[in-house]
Amino acid sequence: MDMGNQHPSISRLQEIQKEVKSIEQQVVGFSGLSDDKNYKKLERILTKQLFEIDSVDTEGKGDIQQARKRAAQETERLLKELEQNANHPHRIEIQNIFKEAQSLVREKIVPFYSGGNCVTDEFEEGIQDIILRLTHVKTGGKISLRKARYHTLTKICAVQEIIEDCMKKQPSLPLSEDVHPSVAKINSVMCEVNKARGTLIALLMGVNNNETCRHLSCVLSGLIADLDALDVCGRTEIRNYRREVVEDINKLLKYLDLEEEADTTKAFDLGQNHSILKIEKVLKRMREIKNELLQAQNPPELYLSSKTELQGLIGQLDEVSLEKNPCIREARRRAVIEVQTLITYIDLKEALEKRKFFTCEEHPSHKAVWSVLGNLSEIQGEVLSFDGNRTDKNYIRLEELLTKQLLALDAVDPQGEEKCKAARKQAVKLAQNILSYLDLKSDEWEY
């Protein structure tokens, strides 16, 4: 249709669709909850557009009716996606875990900065458990869930980092005020910084409604200005003391920009993260080596070269930067387990090959343990090839096979033979490790 002769109703519908399209990415990436201000804002905009669409007069013309229907469907789709993002079961799971962290901070940390005794081991263990559980929340690749998980992890890890830094590294604590008049001011600022640290933690965790990030940023910037204005008369020890307090303030200021930084840098998209890409490269090569071994006509010829290369891959994983990100830490941990499991498989295969040439008499119990190890070697080969979840029949079969081998080892009587006891203990550990590896492969973990 000639644009100049386009019907005014069609033109109006296109304008509305353009406005709806302009907020689509905000809807797709919305990572909050249904009571958030941004949720209500987006919902209001989309609902308004629906009313606008409904008010367009079709004059009974079929083409305008179809255009209006398409515009309404697209707007309704975004409204539905917005609602699903805010109420997704895994989004609710993230929020519930965050509430646990809030309770922990309210109970253990806020009192600490109000004159309490110390940060307890209970807090450190609790916060670590919360971080681990968050890294295991599944996002299914949804941008909204990735952002929600990343933002939540970032806040909790920031709190953990602030606490650790405070406990490990105190400034060169108060110089005597007799040294120089400026020392009294620096000591006073340091007390304010400690209070600000507690306020920042409460802000990050949403347990302080009486303060804002903007106001705290102004307060901290004002403290830096006060310190910069001090005349330290060239005294090196005072200058160093002032510098350490300024560094402490700058660290706190850095945490105030966490939310904005995550959105602008796409830091939540770990699929593009440099460290994750290095881990994926290592895993790709590990899988190639694994397939070569499992498909080889004469595997023993590959054992030495494969083990050497796999050890090199472990070295590459050790060099991966964790960037203080628990998801990257977990990705590296799992990758190390993958590579080490393949090395263990080769070690066992080599031991079984050497045993073929073993001609001496041996204790029946020791022989029974080796029989189980032979079975475990075959099962481990299958586990290495397994690619499914815990509902698969093959998973259940492998789990049952491994359980049977554990029962067989339990039935072995070492008859007091220390060598047999040690061999059985190692075999039990191997079987348990294979079971754990099977669980790891089937838990559908993602970045």
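Worth knowing before you read on, the calculation uses all heavy atoms, side chains too, and leaves out hydrogens, waters and symmetry mates.
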Inset, instruction - Please say whether more than 12 non-hydrogen atoms of neighbouring residues, nucleotides or ligands are located less than 6.0 Å from NE2 in His274. - result: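 No - once you tally the heavy atoms of other residues, nucleotides and ligands closer than 6.0 Å, there are 12 at most.
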Inset, instruction - Using a cut-off of 6.0 Å, state whether more than 12 heavy atoms not belonging to Leu304 lie near its atom CG. - result: no
Which pairs pass salt bridge (Lys or Arg N to Asp or Glu O under 4.0 Å) with one or both residues in [range], sequence neighbours excluded?
{"range": "residues 396-421", "result": "Glu382-Arg397, Glu418-Lys421"}
{"range": "residues 44-53", "result": "Arg12-Glu52"}
{"range": "residues 72-86", "result": "Glu24-Arg77, Glu74-Arg77, Arg77-Glu81"}

Inset, instruction - With sequence neighbours left out, write down each residue that passes side-chain contact (heavy atoms from CB on, under 4.5 Å) with Ala423, or none if nothing qualifies. - result: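 Testing Ala423 for side-chain contact (heavy atoms from CB on, under 4.5 Å), a comparison that skips the adjacent residues, returns His366, Val369.
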Inset, instruction - For Cys218, enumerate each residue passing the side-chain contact (heavy atoms from CB on, under 4.5 Å) test, keeping only those at least two apart in sequence or located in another chain. - result: none
Legend entry - Separation between CG of Asn250 and OG of Ser221, rounded to the nearest 0.5 Å: 8.5 Å
Inset, instruction - Output yes when a side-chain donor or acceptor of Ser371 lies under 3.5 Å from a complementary backbone atom of Lys367, and no otherwise. - result: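 Side chain of Ser371 to backbone of Lys367, a donor-acceptor pair under 3.5 Å: no, none is there.
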Inset, instruction - Output yes when a side-chain donor or acceptor of Asn298 lies under 3.5 Å from a complementary backbone atom of Glu301, and no otherwise. - result: no
Legend entry - Ion pair Arg285/Glu338, N-O distance below 4.0 Å: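 Answer for the salt bridge query: no.
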Inset, instruction - Check whether NZ of the Lys or CZ of the Arg Lys349 lies under 6.0 Å from the centre of the six-membered ring of Tyr303 and within 45 degrees of that ring's axis. - result: no
Inset, instruction - Could I get the full list of salt bridge (charged side-chain N to carboxylate O under 4.0 Å, His left out) partners for Arg334, not counting sequence neighbours? - result: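 Counting only residues at least two positions away or on another chain, Arg334 forms a salt bridge (charged side-chain N to carboxylate O under 4.0 Å, His left out) with Glu330, Asp443.
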